[in-house]
Trainee: 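I am attaching a structure below and will ask some questions about it afterwards.
Per chain, numbering begins at 1; letters A, B, ... match sequence-line order.
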Amino acid sequence: MMAAEQNVSGTLDRRDVVGRILERRGDALVVTGLGSSCYDAGVHDHPNTFYLWGAMGAAAMMGLGLALAQPARRVVVITGDGEMLMGLGSLATIGAQKPENLAIVVIDNELYAETGMQATHTARGVDLAVMAKGAGFTLAETVRSEHDLERAIAALYETRGTVFLDVKVTSQRYPMSIRLRDGAHIKNRFRENLLGQAAFD
Amino acid sequence: MKQETVPRTWPGDIYQVFKRLKVAQVAYVPDAGHTQLILDCQGDPEMTAVSLTTEQEGVAMLSGAWLGGNRGALLMQSSGAGNCINMLSLAQECRFPLLMLITMRGEWGEFNPWQLAMGQSTQRVLEHSGCVVQRVDKAEEVGEVVFAAGQMAFSTNRAVAVLIGQRIVGFKDWSK
Ligand SMILES: Cc1ncc(C[n+]2csc(CCOP(=O)(O)OP(=O)(O)O)c2C)c(N)n1
Ligand SMILES: [Mg+2]
């Protein structure tokens, strides 16, 4: 049974937000967190996207390793508030490391939507952008309006340093999109597209 | 006080193996046994040494590194293996190579009872999490074992852990 609409503070639509971010991806490399963020990005499937279907809490740190390996490319992590909360230490690690090309976007519905719409800590006043700021991110903000979103997406691709966007979205759930879920295949597809034959050295 | 008296050369051997294997990213939560190796990696302009808040971050980070074409190594003490369990599903499901070097506590002359729980289960926990586990108990064999483990990790796309025995690392003399 799908839980009823929840009272959350966000008004933006998650699929619209992710679509607008990915529309401008250029040659950026993308890592998604498990669950809804994976399905949102899956609507715009691309071999330069690595989809996590598990390993909750991994997204931000995968982004760091990738950003360090590919310093000339922009790396964008798109994940959920619950997934980010499970890897909060990553914010400190990334803040200390200061890569010049890493952006994290949290699609913050203030819920664990995937598992039955339970409230996360962001529904109870925990401010992820302030935490990222405290960790030393170059730019960290909460995005609540269409107007802010436009500006924030530009900053996400253009800022030299670390960017953290906590985008407040509604509790709207969408069906799964992408069916590609074999981890080894997602990895090999990504590496072959990025590295060519060297992927199989 | 350390049991060991001869100067230790095995951390330098590991560093040389990292150079041979072209390790570019080294992630760690410090253990006293890895002190020298961490310093060597930090001082190498061809390596990025990343200090983690918890070992599981390293599993995810080095998977990202591999996605981007970099080889890496994860350094920890045996208690850190427990922190990695669910994150190792990433390596297993995606066949990411992962080289882990684990200095053992809780197995040889240990004085701290809190180290026993993980020290005595590290190997089993890692094996149950899909890792190949190899042990080294002689200082002069450390370099060779780490090279062999690295070659296996990076050419077969597997998680391979090398457990560096506490007998090599040394222990505190707890007698009065
Ligand atoms: C280690 C672990 N604990 C719990 C789960 C169950 N789980 C799967 S998705 C999810 C919620 C994710 O929440 P969020 O990142 O906010 O995504 P949303 O569905 O709200 O977009 C949880 C708790 C899991 N997969 N792994
Ligand atoms: Mg959520």
Side-chain angles (χ1 to χ4, degrees), chain A residues 29-31 33-34 48-73 75 77 86-99 101-102 135 181-196 198-201, chain B residues 21-30 41-42 45-74 80 83-99 129-130 151 153-159:
Chain A
L29 306 172
V30 176
V31 175
L34 83 173
N48 282 345
T49 301
F50 182 86
Y51 302 95
L52 282 159
W53 284 75
M56 188 167 171
M61 285 304 295
M62 278 199 90
L64 177 61
L66 181 56
L68 293 173
Q70 290 287 327
R73 303 283 279 266
V75 174
V77 174
M86 195 170 280
L88 267 189
S90 324
L91 292 181
T93 299
I94 292 165
Q97 200 58 37
K98 302 184 178 25
N101 57 333
L102 178 60
R181 63 197 178 284
D182 181 84
H185 182 85
I186 300 167
K187 174 202 69 174
N188 287 332
R189 185 180 78 149
F190 186 105
R191 277 174 49 90
E192 190 173 10
N193 191 59
L194 179 64
L195 307 168
F200 304 107
D201 259 1
Chain B
L21 289 168
K22 299 192 164 50
V23 165
Q25 296 188 31
V26 177
Y28 64 91
V29 173
C41 296
Q42 284 171 333
E46 290 173 328
M47 289 184 193
T48 307
V50 177
S51 173
L52 310 166
T53 72
T54 162
E55 292 79 359
Q56 69 185 60
E57 289 178 3
V59 177
M61 182 186 121
L62 296 182
S63 300
W66 181 255
L67 269 187
N70 270 183
R71 290 177 167 197
L74 174 55
N83 287 354
C84 293
I85 299 174
N86 182 52
M87 207 54 97
L88 287 167
S89 66
L90 179 58
Q92 185 173 127
E93 166 56 21
C94 301
R95 295 267 313 277
F96 277 113
L98 178 64
L99 176 61
S129 306
Q151 164 142 321
F154 299 121
S155 58
T156 74
N157 297 327
R158 291 299 197 290

Trainee: Measure the shortest side-chain to side-chain distance between B:Ser63 and A:Phe50 over non-hydrogen atoms and say whether it is less than 4.5 angstrom.
Mentor: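 Counting from C-beta outward, B:Ser63 and A:Phe50 never come under 4.5 Å.
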Trainee: Give me the atom names and distance for the closest heavy-atom approach of B:Met87 to A:Ala58.
Mentor: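 Answer, listing the atom of B:Met87 first, then A:Ala58: SD-CB, 3.5 Å.
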Trainee: Examine whether an atom of B:Phe154 lies under 4.5 Å from a heavy atom of chain A, and if so say whether it belongs to the side chain, the backbone or both; otherwise answer neither.
Mentor: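 Contact with chain A is absent: no heavy atom of B:Phe154 under 4.5 Å.
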Trainee: Considering only heavy atoms, which portion of A:Leu195 lies under 4.5 Å from any heavy atom of chain B: side chain, backbone, both, or neither?
Mentor: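 Side chain only.
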Trainee: Compare every heavy atom of B:Gly68 with every heavy atom of A:Gln70, then report the nearest pair and how far apart it is.
Mentor: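 Nearest heavy atoms, A:Gln70 then B:Gly68: NE2-O, 2.8 Å.
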Trainee: Report the distance from atom CG of B:Asn86 to atom CE of A:Met86, rounding to the nearest 0.5 Å.
Mentor: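 One finds 8.0 Å between CG of B:Asn86 and CE of A:Met86.
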Trainee: Below 4.5 Å from any heavy atom of chain B, which atoms of A:Leu29 appear? Answer side chain, backbone, both or neither.
Mentor: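 Contact with chain B: none, neither part.
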Trainee: Nearest 0.5 Å, what's the CG-CG distance between A:Asn188 and B:Leu67?
Mentor: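 Taking CG in A:Asn188 and CG in B:Leu67, the distance rounds to 10.0 Å.
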Trainee: Counting heavy-atom pairs under 4.5 Å to chain A, which of B:Ser155, B:Ala27, B:Gly72, B:Gly69 comes out on top?
Mentor: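 The candidate making the most pairs under 4.5 Å is B:Gly69.
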Trainee: Heavy atoms only: give me the nearest A:Ala55-B:Leu90 pair and the separation to one decimal.
Mentor: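 Taking A:Ala55 first and B:Leu90 second, the nearest heavy atoms are CB-CB, 4.0 Å.
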Trainee: Examine distances only and state if a side-chain atom of B:Gln25 and a backbone atom of A:Leu68 form a donor-acceptor pair shorter than 3.5 Å.
Mentor: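 Such a contact is absent between B:Gln25 side chain and A:Leu68 backbone.
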Trainee: Quick one: what part of A:Asp182 sits under 4.5 Å from any heavy atom of chain B, side chain, backbone, both or neither?
Mentor: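 For A:Asp182, heavy atoms of backbone and side chain both lie under 4.5 Å from chain B.
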Trainee: Just verifying a value: how many Å separate A:Leu52 CG and B:Cys94 SG, rounded to the nearest 0.5 Å?
Mentor: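 The CG atom of A:Leu52 sits 7.0 Å away from the SG atom of B:Cys94.
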Trainee: According to the side-chain hydrogen bond (donor to acceptor under 3.5 Å, both in side chains) rule, which pairs have a member within residues 57-67 of chain A, sequence neighbours left out?
Mentor: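 The answer is none; no pair qualifies.
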Trainee: I'd like a table of donor-acceptor pairs (distance under 3.5 Å, sequence neighbours excluded) in which one partner is a side-chain atom from residues 47-61 of chain B, with atom names and distances.
Mentor:
from	atom 1	to	atom 2	distance (Å)
B:Thr53	OG1	B:Glu57	OE2	2.5
B:Glu55	OE1	B:Asn83	ND2	2.8
B:Glu57	OE1	A:Thr93	OG1	2.6
B:Glu57	OE1	B:Thr53	N	3.1
B:Glu57	OE2	A:Ser90	N	3.2

Trainee: Search all heavy atoms of A:Arg181 against all heavy atoms of B:Glu93 and return the closest pair with its distance.
Mentor: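 Looking at all heavy atoms of both residues, the shortest contact is O-OE2, 3.8 Å.
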Trainee: Is it the side chain or the backbone of A:Arg189 that comes within 4.5 Å of chain B heavy atoms, both, or neither?
Mentor: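 Neither part.
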